[in-house]
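In what follows, a structure is listed as structure tokens, so that the remarks can point back to it.
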Amino acid sequence: MKYFIVTFGCQMNVHDSEKIAGILENMGYQCGETREETDIIVFNTCAIREGAEDRVFGNVGALKRQKKANKDLIIVVCGCMTQKEKTAKYMRETFPFVDIVIGTHNVPKLGEYIAEVRAKRQKRLLQLFEEGEIDESLPYVRTSGENAWVNIMQGCNNFCTYCIVPYVRGREKSRQEESILNEIKNLIASGKYKKITLLGQNVNSYGKDLSPQVSFAKLLKDICALDGNFSVSFMTSHPKDLTDEVIDVIANQEKIEKYIHLPAQSGDNRILKLMNRSYTREKYLDIIKKIKEKIPNCKITSDFIVGFPTETEEEFLKTMSLVEEVKYDSIFAFMYSPREGTVAEKMDGQIEESVKNDRVNRLLALSKCLQKEDK
Ligand code: 5AD
Ligand code: SF4
């Protein structure tokens, strides 16, 4: 019995797919080579932009014929997209040949659902999940070579006005520090991993929800104190929570990679406020200055959104000038995509696609130019 997993979206999803693989291998499935020769196919979806969702619909739709030819094929759609009740229902109605549609929170129960479908050939299980405890016991099938992803927290409390993540991943929930340290100790002891990448939507707010609280700086120091020859990196940082203490730890700890992904999203204060980012351009530049002073060789990257509702040409030029000023090692630039249920989706002044397209191209061209200049 073979399984095949198609993953969309961010590193968090890649890591979730490693857990899904663990569940499937526990049930006796083996990793298949192609999506055609498989007994179960899982789409782990992403909802961050409309384009990501369109790709999922296209991929799932294309399976209709395969399912006709192989009635025993089990099709699962899970992840951020199907955590949204409306999208999950739409998926069920439009693609009735999909067997299991579940959200982000019920992946731990995937094994039970598959067993149920196999036993009864009961079609179209739809389960949206309540936020639950982080499941520590399920195994991972790690797929990133010498790098091991380690989740340190789930969810996000920030509610940036454009972002769907807090709605589909729930509130911030940190793992116990001891459990994280044990996982890393075992990974290093296995001899298979030389790099640990800590994952969270906003790693800098790690531990604020634990009692007693544990700071991200302490977690980093405690990880570095573990025996072994390995490096540590992390993503993603939010500028509002990146403390001087964390910058010092990165500077002083040899094991920590000198790399920070610090999404700015915009270089204009009015737009930053509308985005609910809780920092100004000046505050952001201040943090960048500190990083460059304390960690001179630090690689810095960022995310930007262009064409946020009401963004003027002048405000967009502020983003261009921020990119010029910081001289990032690289950036990701996205056209704003309205996400249903978010605050920004309801804002007046939505920007035309052609304008967004023009801005994203100009921003990417500028960033490419600056990278060449440095070399
Ligand atoms: N439209 C465009 N880009 C978005 N991002 C998040 N939400 C949206 C959206 N609605 C971008 C942000 C974030 C990255 C992962 O995706 O830049 O940092
Ligand atoms: Fe989305 Fe903002 Fe949370 Fe990042 S910090 S996941 S952009 S709400």
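First listed ligand is number 1; within each ligand, the first listed atom is number 1.
Of all protein heavy atoms, the one lying nearest to atom 7 (S) of ligand 2 is Tyr162 OH, 3.3 Å. Ranking the protein heavy atoms by distance from atom 3 (Fe) of ligand 2 puts Cys156 SG, 2.2 Å first. Summary of contacts: the protein heavy atom closest to atom 4 (Fe) of ligand 2 is Gln201 O, 4.4 Å. Atom 4 (C) of ligand 1 has as its closest protein heavy atom Arg49 NH1, 3.4 Å. For atom 1 (N) of ligand 1, the closest heavy atom belonging to the protein is Ser337 N, 3.0 Å. Here the protein heavy atom with the shortest distance to atom 5 (S) of ligand 2 is Asn158 ND2, 3.3 Å. Looking at atom 14 (C) of ligand 1, its nearest protein heavy atom turns out to be Asp303 OD2, 3.4 Å.
At least one N, O or S atom of Cys160, from either the backbone or the side chain, sits less than 2.8 Å from atom 2 (Fe) of ligand 2.
Across all their heavy atoms, Ile102 and Leu110 have their closest contact at CD1-CD1, 3.9 Å.
Side-chain contact annotation: Thr143 with Glu18, donor-acceptor N/O pair under 3.5 Å present. Ser205 and Glu172 are linked by a side-chain donor-acceptor pair at a separation below 3.5 angstrom, with hydrogens and angles left out of the test. Side-chain contact annotation: Lys240 with Asn204, donor-acceptor N/O pair under 3.5 Å absent.
The side-chain tip of Arg339 does not point at the ring of Tyr162 from less than 6.0 angstrom away and within 45° of straight on. Cation-pi check for Lys299 over Tyr259 is met; the charged atom lies under 6.0 angstrom from the ring centroid and within 45 degrees of its normal.
Aromatic ring centres of Tyr328 and Phe304 lie closer together than 6.0 Å. Ring-centre distance between Tyr140 and His15: below the 6.0 Å cut-off.
Near Tyr336, meaning under 4.0 Å from one of its heavy atoms, ligand 1 places the atoms 1 (N), 2 (C). Taking every heavy atom of Met335 and a limit of under 4.0 angstrom, the matching atoms of ligand 1 come to 1 (N), 2 (C). Which parts of ligand 2 touch Phe159 is read off a 4.0 Å heavy-atom cut-off, strictly below it: atoms 8 (S). Listed by number with element, the atoms of ligand 2 under 4.0 Å from a non-hydrogen atom of Cys163 are 1 (Fe), 6 (S), 7 (S), 8 (S). Interface of Arg339 with ligand 1, defined as ligand atoms under 4.0 Å from a residue heavy atom, comprises 10 (N). Heavy-atom contacts of Gln265 reach the following atoms of ligand 1: 12 (C), 13 (C), 17 (O), 18 (O) (cutoff under 4.0 Å). Distances below 4.0 Å separate heavy atoms of His238 from the following atoms of ligand 2: 5 (S).
Rounding to the nearest 0.5 Å places CH2 of Trp149 at 12.0 Å from CG of Asp16.
Ligand 2 does not have Arg169 within reach: every non-hydrogen atom of the residue lies 4.0 Å or more from it.
Of the heavy atoms in Pro166, only side-chain atoms (C-beta onward) come closer than 4.0 Å to ligand 2. Residue contacts with ligand 2 for Glu172 are absent, since no atom lies close enough (heavy atoms, distance under 4.0 Å). Contact annotation for Thr342 and ligand 1: no heavy atom of the residue comes within less than 4.0 Å of the ligand.
The one candidate from Lys318, Met275, Glu315 that meets the side chain to side chain contact (heavy atoms under 4.5 Å, CB included) condition with Arg270 is Glu315.
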Discussion item. As a quick check of understanding, evaluate ring-ring contact (aromatic ring centres under 6.0 Å, His included) for Phe159 and Tyr167, giving each step before the final call.
Written reply: CA-CA 9 Å; Phe159 288 93; Tyr167 302 91; 5.4 Å; yes

Item to complete: Tell me, with the steps shown, if Glu340 and Lys86 meet salt bridge (Lys or Arg N to Asp or Glu O under 4.0 Å).
Response: CA-CA 10 Å; Glu340 200 175 355; Lys86 215 169 147 187; 2.6 Å; yes

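Atom 7 (N) of ligand 1 has its nearest heavy-atom neighbour, among Phe304, Tyr162, Phe334, Phe308, in Tyr162.
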